[in-house]
Amino acid sequence: MKYIIGNWKMNGTMDEKKILLKSLKNIISENKIILCLPYTLLCGENYGIDIGAQDLSPHENGAYTGDISGKMLKSAGVKYVLVGHSDRRFFHHETNELVKEKAIAAIKNNIVPIICIGETRQEKDDGKTMSVIKKMFSECVPESGKYIIAYEPRWAIGTGQTPTPKEISAVFETLHKMNKDKAPLLYGGSVNTGNAESISSLPHVDGLLIGGASLKVDTFLPIINSAK
Ligand code: PGA
């Protein structure tokens, strides 16, 4: 079983959600499918597919206009939530400290945080991939509770570029060694119908986090079917 997690980012209408979820409804797959939707699409009919959010507040409630808490997500039926996605770190300057607080807030509400980590292009070019990954892992992971780790190099997100199998394997070997809680370890960043099978079958890769290719059934379904 592999985790296949879609991240719709700031995309999608109610009609588009309905079309995708309806077409996934009856598929037979050993893989665990989760779709991380924008807040506006979390409620309503989910056709038996597990739904995740893309962010949450570290606070429980109060005067935080525009924010959504773990408690609110839970009441909307959300089971998973992305925390520390590269878009949040980049556009909203989220730190490892805040990402950890968000992961803890999710766990407190029985929601599994999907903690995203990954180096920038500059960090990769400077040979810092491993040190960045280790630091993010150790500073973002909560002391207790169930969570998932997603390794997503920022430079691979939405670019069509991916690390080589050797580079991915080296990162996952490192993550595996640090992974005392045996959290599922996912790869994300330009996963598509052509590379899903080979990436998901690398050692210690427990699944995939998919952005652009999760928006349409003709690209998402082949990924679900080929991940092994
Ligand atoms: P991508 O995005 O698959 O479009 O590269 C992945 C992500 O940002 O989670």
Side-chain angles (χ1 to χ4, degrees), residues 2-12 16-17 20 24 31-39 41-42 49-56 78-94 99 102-103 106 111-121 123-124 129 132-133 136-137 140 147-165 167-168 171-172 175 183-200 202 205-227:
K2 299 283 176 181
Y3 285 85
I4 305 296
I5 306 185
N7 171 16
W8 271 26
K9 312 191 184 192
M10 198 178 71
N11 295 292
E16 285 162 342
K17 169 191 162 184
L20 185 83
L24 297 182
N31 294 330
K32 171 98 184 139
I33 306 159
I34 300 161
L35 204 57
C36 294
L37 294 167
Y39 292 136
L41 304 183
L42 293 175
I49 306 289
D50 281 340
I51 295 299
Q54 300 172 10
D55 185 36
L56 84 166
V78 167
K79 295 184 179 166
Y80 298 86
V81 63
L82 297 172
V83 293
H85 186 277
S86 159
D87 291 339
R88 303 290 315 171
R89 293 178 186 267
F90 189 74
F91 296 118
H92 298 270
H93 314 291
E94 293 196 2
V99 173
K102 290 185 173 193
I111 296 172
V112 179
I114 302 157
I115 303 169
C116 303
I117 60 175
E119 81 284 4
T120 62
R121 163 59 69 187
E123 287 163 342
K124 176 181 163 56
T129 298
V132 169
I133 296 304
M136 283 180 150
F137 188 108
C140 295
Y147 58 90
I148 294 172
I149 297 285
Y151 168 60
E152 295 203 297
R154 170 140 191 98
W155 55 272
I157 294 176
T159 58
Q161 296 170 23
T162 54
T164 63
E167 287 170 326
I168 298 177
V171 168
F172 277 76
L175 292 176
L185 304 174
L186 315 187
Y187 170 82
S190 292
V191 173
N192 57 41
T193 51
N195 61 23
E197 183 170 358
S198 57
I199 296 177
S200 65
L202 291 170
V205 177
D206 300 311
L208 303 167
L209 179 53
I210 303 126
S214 70
L215 288 167
K216 295 262 158 32
V217 70
D218 29 321
T219 46
F220 198 35
L221 198 51
I223 292 175
I224 294 168
N225 290 332
S226 66

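Quick caveat: nothing in here was measured; it's all calculated off a predicted structure. Every number for a ligand or one of its atoms is a count from 1 in the order of the listing. Along the sequence shown, residues are numbered consecutively beginning with 1.
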Let me confirm one number: the CG-SG distance from Asp55 to Cys36, rounded to the nearest 0.5 Å. 11.0 Å
Pairs under 3.5 Å, nitrogen or oxygen of ligand 1 with protein nitrogen or oxygen:
unit_1, atom_1, unit_2, atom_2, d
ligand 1, 2 (O), Lys9, NZ, 3.2
ligand 1, 3 (O), Gly211, N, 2.8
ligand 1, 4 (O), Gly212, N, 2.9
ligand 1, 5 (O), Gly158, N, 2.7
ligand 1, 5 (O), Ser190, N, 2.8
ligand 1, 8 (O), Lys9, NZ, 2.7
ligand 1, 8 (O), His85, NE2, 2.7
ligand 1, 9 (O), Asn7, ND2, 3.4
ligand 1, 9 (O), His85, NE2, 3.2
ligand 1, 9 (O), Glu152, OE1, 3.3
ligand 1, 9 (O), Glu152, OE2, 2.8

Asp87/Arg154 salt bridge by N-O under 4.0 Å criterion: yes
Just by distance, no angles: are the side chains of Glu119 and Trp155 close enough, under 3.5 Å, to form a donor-acceptor pair? yes
For His85 and Glu94, which I'm curious about, is there any donor-acceptor pair between the side chains at under 3.5 Å? no
Tell me whether the rings of Phe172 and Tyr151 are parallel (<30°), tilted (30 to 60°) or perpendicular (>60°). perpendicular
The side-chain contact (heavy atoms from CB on, under 4.5 Å) partner of Tyr80 among Leu35, Ile51, Val112 is Val112
